[in-house]
Protein chains: 2
Amino acid sequence: MRDDIHMMQKLREAGLSPTPQRVAIGEILLGRPQHMTAEQVHARVSTEIRPVSLATVYNTLKAFVEKGLLREVVVDPGRVYYDSTVANHHHFYNVETGELTDIPADQVNIAGLPVLPRGAEVAGVDVIIRIRPTH
Amino acid sequence: MRDDIHMMQKLREAGLSPTPQRVAIGEILLGRPQHMTAEQVHARVSTEIRPVSLATVYNTLKAFVEKGLLREVVVDPGRVYYDSTVANHHHFYNVETGELTDIPADQVNIAGLPVLPRGAEVAGVDVIIRIRPTH
DNA sequence: GTAGTTGCAAAGTGTTTGCAGGCAG
DNA sequence: CTGCCTGCAAACACTTTGCAACTAC
């Protein structure tokens, strides 16, 4: 189908051979803004498209991150979220539900970056606004 | 010694009974700005003051966080840093060395917080500037 | 053939838990 | 006594690794 072909193209452009497993994972995760854990990807790909081993999910997510198709978000100890939006932006993290929401980069204005330690360059800036339901 | 007495007082004020283990952990970790993992606390307390089990270190760190003596910093999947500075501030994280450095709150100016999701309140704002050595 | 990929199971890492024994009030 | 605290060992959750079978070119 057409989606598959687009995904295969996308993977090739990123420098990855488009195996069925990678295409399936790409279909689920890439293409629309989304935050998922490895487990969630594994569950959805396996039930909706084809069985894929958890090891392959981890391998593939790692490869996607390396190739810039995906971003890791660290908000919770012992759990990595994969974010299909790679452009510069930030996050709300609901500490009660674990839900992660995007904040467009232009809605957070960091005025005046502090002086960096000597011999260091910025690798990335993460802003995480932890929220909880009002009681 | 005097330090112990001050630490015992501090723990009591926080609502914790000042057991020898808690005092020892407090001596190592509280009192000066510092970022340590549970393992590091365990190693330093055990060699410098007294043997303490890892389970007790975890219990104690959790208790300290609950009582507001300590803050958790999540920058790396599968590893929690404990930060003895509880006042509002931010962090540099050196992605190559794992070193964590404080940024005073007034050096990062977040202009214009984005609109919160309905029925939510801010639980905390984390700014992590990931840095790496220049090559 | 040869290099890259998959998937199982085993190993690893950091953290939490169950529970028996100890200690303080 | 009674309730909290400690520490051992086992359990856990998530992730990585070793390796043999497989696939594509």
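No hydrogens, no waters, no symmetry mates; every other heavy atom, side chains included, goes into these values. Sequence lines set the chain letters: A, B, ... in the order given, protein chains first and strands last, and positions in each chain run from 1. This one's a predicted model, so the numbers in the text were calculated from it and none came from an experiment.
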| What string of B, S and - do you get for nucleotides 15-25 of chain D, 5' to 3', if B is base contact, S is sugar-phosphate-only contact and - is no contact with any protein heavy atom under 4.0 Å? | BBB--------
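- A straight line from CD of B/Gln40 to C1' of C/dT13 spans 15 Å, rounded to a whole angstrom.
- Residues satisfying the salt bridge (charged side-chain N to carboxylate O under 4.0 Å, His left out) criterion with A/Arg130, sequence neighbours excluded, are B/Asp126.
- A donor-acceptor contact shorter than 3.5 Å links the side chain of B/Ser84 to the backbone of B/Arg32.
- One can place CG of A/Leu61 at 14 Å from P of C/dG7, the figure rounded to the nearest angstrom.
- Counting only distance, with no hydrogens or angles, the side chain of B/Ser17 and the backbone of B/Thr19 share no donor-acceptor pair below 3.5 Å.
- When the P atom of C/dG4 is taken as reference, atom NZ of A/Lys67 falls 11 Å away, rounded to whole Å.
- Of the candidates D/dG7, C/dG7, D/dC5, the closest approach to any side-chain atom of A/Ser53 belongs to C/dG7.
- At whole-Å resolution of the value, CG in A/Asp76 and C1' in C/dT15 are 13 Å apart.
- At whole-Å resolution of the value, NE2 in A/His42 and P in D/dC14 are 14 Å apart.
- The aromatic rings of B/His91 and B/His35 sit perpendicular, their planes meeting at an angle over 60°, well past the 30° parallel limit.
- Counting any heavy atom pair closer than 4.0 Å across all strands shown, B/Thr19 reaches sugar-phosphate atoms only and no base atom.
- Screening B/His89, B/His90, B/Gln107 for a side-chain contact (heavy atoms from CB on, under 4.5 Å) involving B/Asp102 leaves a single residue, B/His89.
- The nearest pair of heavy atoms linking A/Met7 to A/Glu27 is CB-OE2, 3.5 Å.
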